[in-house]
Amino acid sequence: MTEQERLKEQRIKRRDALRELGVDPYGGRFADITATETLRERATSLDIEPGGRSEVKARVAGRIMLQRVMGKLAFLTVHDSLGKLQLGLSKADLGDDQWKILKQLELGDTIGVEGVLGRTKTAELTLWCNKLTVLSKAVIAPPEKWHGLTDVDLRYRRRYVDLFTNPDVRSVFRMRSAIIHAVRDYLVNESYYEVETPVLQPIYGGAAARPFTTHHNTLDMDLFLRISPELYLKRLLVGGMERVFEISRNFRNEGISTKHNPEFTMVELYEAYADYNVMMERVEGMVSAGFGAATKDFIPARAAAIEKECARLTEEDRPDDAKTFAEENHLDAYQEAAKGVTAGRLTTVYHGAVIDFTPPWTRSKYADLLREHAGVEMNDIDAVRKKADQLGIDHKGKDDAVVVNAVFEESVEHHLVQPTFVYDYPAPICPLTRRHPEDDAIALRFEAFISGMELGNAYTELNDPAIQKENFECKLQGEGDETMAVMDEDFITALEYGMPPAGGLGVGIDRLVMLLTDSPSIRDVILFPLQRPAKKDNPHNPDHQELSDVKLGKDA
RNA sequence: GGGGGUGUAGCUCAGUGGUAGAGCAACGGCCUUUUAAGCCGUGGGUCCUGGGUUCGAGCCCCAGCACCCUCACCA
């Protein structure tokens, strides 16, 4: 028996011991509970003396995360959704029967208690309990109490453990929820309808990416998981739904990185009678809403938390550690951002840099940025190709516009740290975008960049069916085998019925959450990022097969 | 796919070619005001996997697997 199995055995014995005491180790409804955060607020007005108890009764439920037992008195620290609270349990208060139950409890168990609020000698807020209910017995021990779960692989594979041991992780996902709600509220307030369009699509389009393929058995039909909802949402514009948005899970069969997950969330919206300038305001509006819902409070709290830890280290006579901690956690940046927030600005920290989201964001022409950072004129293709050579970009046999954009990505994007709208892209790489009225080589498209990362992409939408058809038929060299230019006859038919002029926009929700929560990787803001299954859990893994065969052989 | 890194007890991590280590958790004991509780004692290992070098490998070499970082594709 391994150590792991032995530890589990011990816990199972305690679970069974609870049953022998007539206690259901998996509990049931536990009503009328108060959140520990609420109790903490209430206690501030109670003015309880150290060592004293109030008359205030409360019921609390949570997971035991710390435990200090001294003979006939125990202190347990339980965590609930937002906070934590110390519970005081004595044999005298509980009585012999309940004390026996307490003796079977350990770290990781979830309990409900009833008691009165008080403070210990050291003034720690404590719920002195007279009743104890077991709500869920943990038969696997939680991770080490000080460091929590830090193994990145395990954190993603067992996100549930990550969540209950690391409050900061819970906080990021609460912020994610708040940001999505704020984005939705903003759009609904602007008279947008929220819609849902197909995830399973017979023709994929709306972006340049390789799709996942699947099959419907009854119709005997191959289908693609959507890479974008764009072409369906535009059909709704034809249908007279003038302002629509979808919070869309998209699937792209591409590489995985700190900025890419094969399934990701995008908010995509279309507004009739608008153009890409209106879409810039929509980006500012959505980001401002998300900032207000999450980051506004996060920044000063984080600054204060870093300061507190530095003060603690300094007090422990470890000034060097305090200095290192401050640097690693970008204390200066957080303090500056917190000042900005106090002054009413939308300032945050990302990768150690202070980012200011306060609208209006900088608006820069694609061609101007190319001139500034690459030193070439966009329409001087010889100069652009020469620059590509300098940058080590392989551009042989590739279309001019593709090379221009490769040079742009290589030489410009990483300079765009503060929120910037880059507008007026080379037309050939924008098949779904309306052309500039005065220059056919330019498309009315912008991308929003922050911290060198593309956050969103928007167009004044192309609504001329003839040009759209041409664009579908024209294939650029150098864009890879799969491009967004996959012919969709029905979409052309829709445009032929007449689509109003419109602005359209997609904003990457995961990346927005990364920026608003200072998360370095997209996996930090996706609850269950895609991972290869652990070997022992994966029935398709050849090694697993071998193991099974060996086992069968033994048994036979 | 290329390059770099990591993989040792349930968790967090040390480990110098020669008997496998610490802290936390667990188990036994003491303990009614603890704050990562403390004190005394005990148990716990496929050192990622498979080869190789060596008298001897956690450590050196080769191959593989998983994860992280990075580059490429992509948003």
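The sequence lines fix the lettering, A, B, ..., with proteins before strands; numbering per chain opens at 1. Computed over heavy atoms, backbone and side chain alike; hydrogens, waters and symmetry mates excluded.
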Not counting sequence neighbours, which residues clear salt bridge (Lys or Arg N to Asp or Glu O under 4.0 Å) with [X]? List them please.
{"X": "A:Asp394", "answer": "none"}
{"X": "A:Arg63", "answer": "none"}
{"X": "A:Arg40", "answer": "none"}
{"X": "A:Glu37", "answer": "none"}

- salt bridge (charged side-chain N to carboxylate O under 4.0 Å, His left out): pairs with one or both residues in residues 402-431 of chain A, sequence neighbours excluded: none

- Proximity to RNA chain B (any heavy atom under 4.0 Å), residues of residues 414-421 of chain A only: none

- Message: Protein within reach of the bases, or only the backbone? For nucleotides 3-12 of chain B, mark each nucleotide 5' to 3' as B, S or -, using heavy atoms under 4.0 Å.
- Response: -------BBS

- Message: Can you list everything that forms a side-chain hydrogen bond (donor to acceptor under 3.5 Å, both in side chains) with A:Ser54? Sequence neighbours excluded, please.
- Response: none

- Task: Check side-chain hydrogen bond (donor to acceptor under 3.5 Å, both in side chains) between A:Gln201 and all other residues, then give those that pass, not counting sequence neighbours.
- Result: none

Shorter than 3.5 Å, N or O on both sides, protein versus nucleotides 69-71 of chain B: list them out with atom names.
unit_1, atom_1, unit_2, atom_2, d
B:C69, OP1, A:Arg523, NH1, 3.4
B:C69, OP2, A:Arg523, NH1, 3.0

Would you tabulate the nitrogen or oxygen pairs shorter than 3.5 Å linking the protein to nucleotides 38-41 of chain B?
none

Show the atom names and distances, to 0.1 Å, of all donor-acceptor pairs under 3.5 Å that link a side chain in residues 505-525 of chain A to residues at least two apart or in another chain.
unit_1, atom_1, unit_2, atom_2, d
A:Asp510, OD1, A:Arg176, NH1, 2.9
A:Asp510, OD1, A:Arg176, NH2, 3.1
A:Asp510, OD2, A:Thr265, N, 2.7
A:Arg511, NE, A:Lys259, O, 3.4
A:Arg511, NH1, A:Glu454, O, 2.7
A:Arg511, NH2, A:Lys259, O, 3.2
A:Arg511, NH2, A:His260, NE2, 3.4
A:Thr517, OG1, A:Val513, O, 2.6
A:Thr517, OG1, A:Ser519, OG, 2.8
A:Asp518, OD1, A:His351, N, 3.3
A:Asp518, OD2, A:Tyr334, OH, 2.6
A:Ser521, OG, A:Arg523, N, 3.1
A:Ser521, OG, A:Arg523, NH1, 3.4
A:Asp524, OD1, A:Tyr156, OH, 3.4
A:Asp524, OD2, A:Ser521, N, 3.2

